[in-house]
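Below is one structure; the comments refer to it alone.
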There are 2 protein chains.
Amino acid sequence: MQITRETDYAIRCMLYIAASESGSAVVGDISEAQSVPRTFAAKIMQKLQRAGLVKSKRGVKGGYFLTREPSEISLLDIIEAIEGPLSLNICVVDKNSCDRVSQCSVHPIWVELRDIFAESLKRYTLKDLINLNTP
Amino acid sequence: MQITRETDYAIRCMLYIAASESGSAVVGDISEAQSVPRTFAAKIMQKLQRAGLVKSKRGVKGGYFLTREPSEISLLDIIEAIEGPLSLNICVVDKNSCDRVSQCSVHPIWVELRDIFAESLKRYTLKDLINLNTP
DNA sequence: TTTTTTAGGATTATTTTTCTCCTATTTTCT
DNA sequence: AGAAAATAGGAGAAAAATAATCCTAAAAAA
Ligand code: SF4
Ligand code: SF4
């Protein structure tokens, strides 16, 4: 019931880019500053790009930059970019995974809790997290 | 970011005992009724017992029974019995796991979210879940 | 054209999850 | 007492998920 290391790394990476002066950063710098293994960081950035949270520019003076304002990128966005749709139990996201769904009294609870949890995660944006560091 | 299959099984097992006429059930019946592999169910019941949620009686006419009223056993109780203390990121439950804790702006968020989530899970008890089935 | 930097597929290593097996012990019933 | 029913618990195997690594290609700027 925890986010994965990969997701934690992704949040760190996004935070680094958001907090950077220029608004963009190369994988090498992100990796070093946030203690994320270099090649793993590269993979993570690719996922974030496919999810549309960042874009890249190749070559000298290239790097990754955010596609939206830090205030418009929430923890939920980052988590779902890495882990896929948020759910607290397999049956919430894939009804075929369990043949008890139709008669299960717990299933609706997981659906409801997912929404509550998602709302909480939406409330925290990159901007909030940067401000906590440099008030 | 999901509960494990084991935890889902544990909830089913508890629910079966709580809903049973006699208030107790043997592993074989629980396993069959809830489609939980027999030996795995036995292991799960042991964990639940160590957590103090059930007690067992050996021998003929034995089985497992709840130590508290169904209205006094919450989803959080069951989840923590199986998975250990609830946390959404490793650093919440083990501060030594990450040497960035002291300077990390995300860490306090995970602590806060854990509490919100735990509260939500506390609100659902076995009694609520049984009533949903047989209103 | 050279250097910098991302893109992406293939692959490996590690850890966690999901079980199974076997033997011991306790309790009840006959 | 003895047989049967049931949990207790350790050891460990199989499968899946996580956490990386490696290598080659492609793009863009200088
Ligand atoms: S038993 Fe209920 S809660 Fe568990 S996976 Fe199936 S539908 Fe979901
Ligand atoms: S980086 Fe922050 S949130 Fe992530 S594990 Fe470390 S302390 Fe926790």
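Throughout, a chain's letter reflects where its sequence line sits, starting with A, and its residues are numbered from 1.
Here the side chain of Ser74(B) pairs no donor or acceptor atom with the backbone of Tyr124(B) at under 3.5 angstrom. Judged by distance alone, the side chain of Ser35(A) and the main-chain N or O of Ser31(A) form no donor-acceptor pair under 3.5 Å. Judged by distance alone, the side chain of Thr67(A) and the main-chain N or O of Lys55(A) form no donor-acceptor pair under 3.5 Å. A side-chain donor-acceptor contact under 3.5 Å links Asp128(A) to the backbone of Thr125(A).
For Lys47(A) and dT6(C), the NZ to P distance is 18 Å, given to the nearest whole Å. Between Arg38(A) atom CZ and dA7(C) atom C1' the separation is 16 Å, expressed in whole Å. In this structure, the CZ atom of Phe40(A) is 15 Å from the C1' atom of dG8(C), given to the nearest Å. Separating the CZ atom of Arg50(A) from the P atom of dG8(C) is a distance of 6 Å, rounded to the nearest angstrom. Rounded to an integer number of Å, the gap from CD1 of Ile44(B) to C1' of dT20(C) is 13 Å. One atom, CD1 of Ile82(B), and another, P of dT17(C), lie 12 Å apart when rounded to the nearest Å.
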Check your understanding: So Glu6(A) and Lys47(A), salt bridge (charged side-chain N to carboxylate O under 4.0 Å, His left out) or not? Walk me through it.
Key -> CA-CA 11 Å; Glu6(A) 186 182 18; Lys47(A) 272 198 192 180; 3.2 Å; yes
Check your understanding: Run the salt bridge (charged side-chain N to carboxylate O under 4.0 Å, His left out) check on Glu80(B) and Arg114(B) step by step: do they pass?
Key -> CA-CA 13 Å; Glu80(B) 294 203 318; Arg114(B) 191 219 86 98; 3.7 Å; yes
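Judged by closest nucleotide on DNA chain D, Met45(B) is the one of Met45(B) and Met1(B) placed further toward the 5' end.
Residues forming a side-chain contact (heavy atoms from CB on, under 4.5 Å) with Ala18(B) (at least two apart in sequence, or on another chain): Leu66(B), Pro70(B), Leu126(B), Ile130(B).
Sorted by first and then second residue, the side-chain hydrogen bond (donor to acceptor under 3.5 Å, both in side chains) pairs involving residues 82-96 of chain B (not counting sequence neighbours) are Gln2(A)-Ser87(B), Asp8(A)-Asn89(B), Thr7(B)-Glu83(B).
Using a 4.0 Å heavy-atom cutoff across all strands shown, Gln46(B) reaches at least one base atom of the nucleic acid.
Under 3.5 Å, the side chains of Ser56(A) and Gln49(A) contain a donor-acceptor pair of N or O atoms.
Salt-bridge formation is detected for the pair Arg68(A)/Asp77(A): a Lys NZ or Arg NE/NH1/NH2 atom is positioned less than 4.0 Å from an Asp or Glu carboxylate oxygen. Under the 4.0 Å criterion applied to side-chain N and carboxylate O atoms, Glu32(A) and Arg12(A) are not assigned as salt-bridge partners.
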Practice item. Indicate for each nucleotide in nucleotides 21-30 of chain C, in 5' to 3' sequence, whether protein heavy atoms under 4.0 Å reach the base (B), only the sugar-phosphate (S), or nothing (-). Key: ----BBBBS-
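For the atom pair OG1 (Thr4(A)) and CE (Met1(B)), the distance works out to 8.5 Å, reported to the nearest 0.5 Å. Atom OG of residue Ser22(A) and atom NZ of residue Lys61(A) lie 9.5 Å apart, to the nearest 0.5 angstrom.
In the region residues 20-32 of chain B, proximity to DNA chain C at under 4.0 angstrom, judged on heavy atoms, holds for none of the residues.
Overall, the helix from dT1(C)-dA30(D) to dT30(C)-dA1(D) carries an axis bend of 10° between its ends, with five pairs at each end and the value rounded to 10°.
A pairwise comparison of heavy atoms in Ile17(B) and Ser24(B) identifies CG2-CA, 4.3 Å as the closest pair.
For DNA chain D, the contact window with chain B, defined by any atom under 4.0 Å from a protein heavy atom, covers dA5(D) to dA11(D) in 5' to 3' order.
OP1 or OP2 of dC19(C) sits under 4.0 Å from a side-chain N or O of Tyr9(B).
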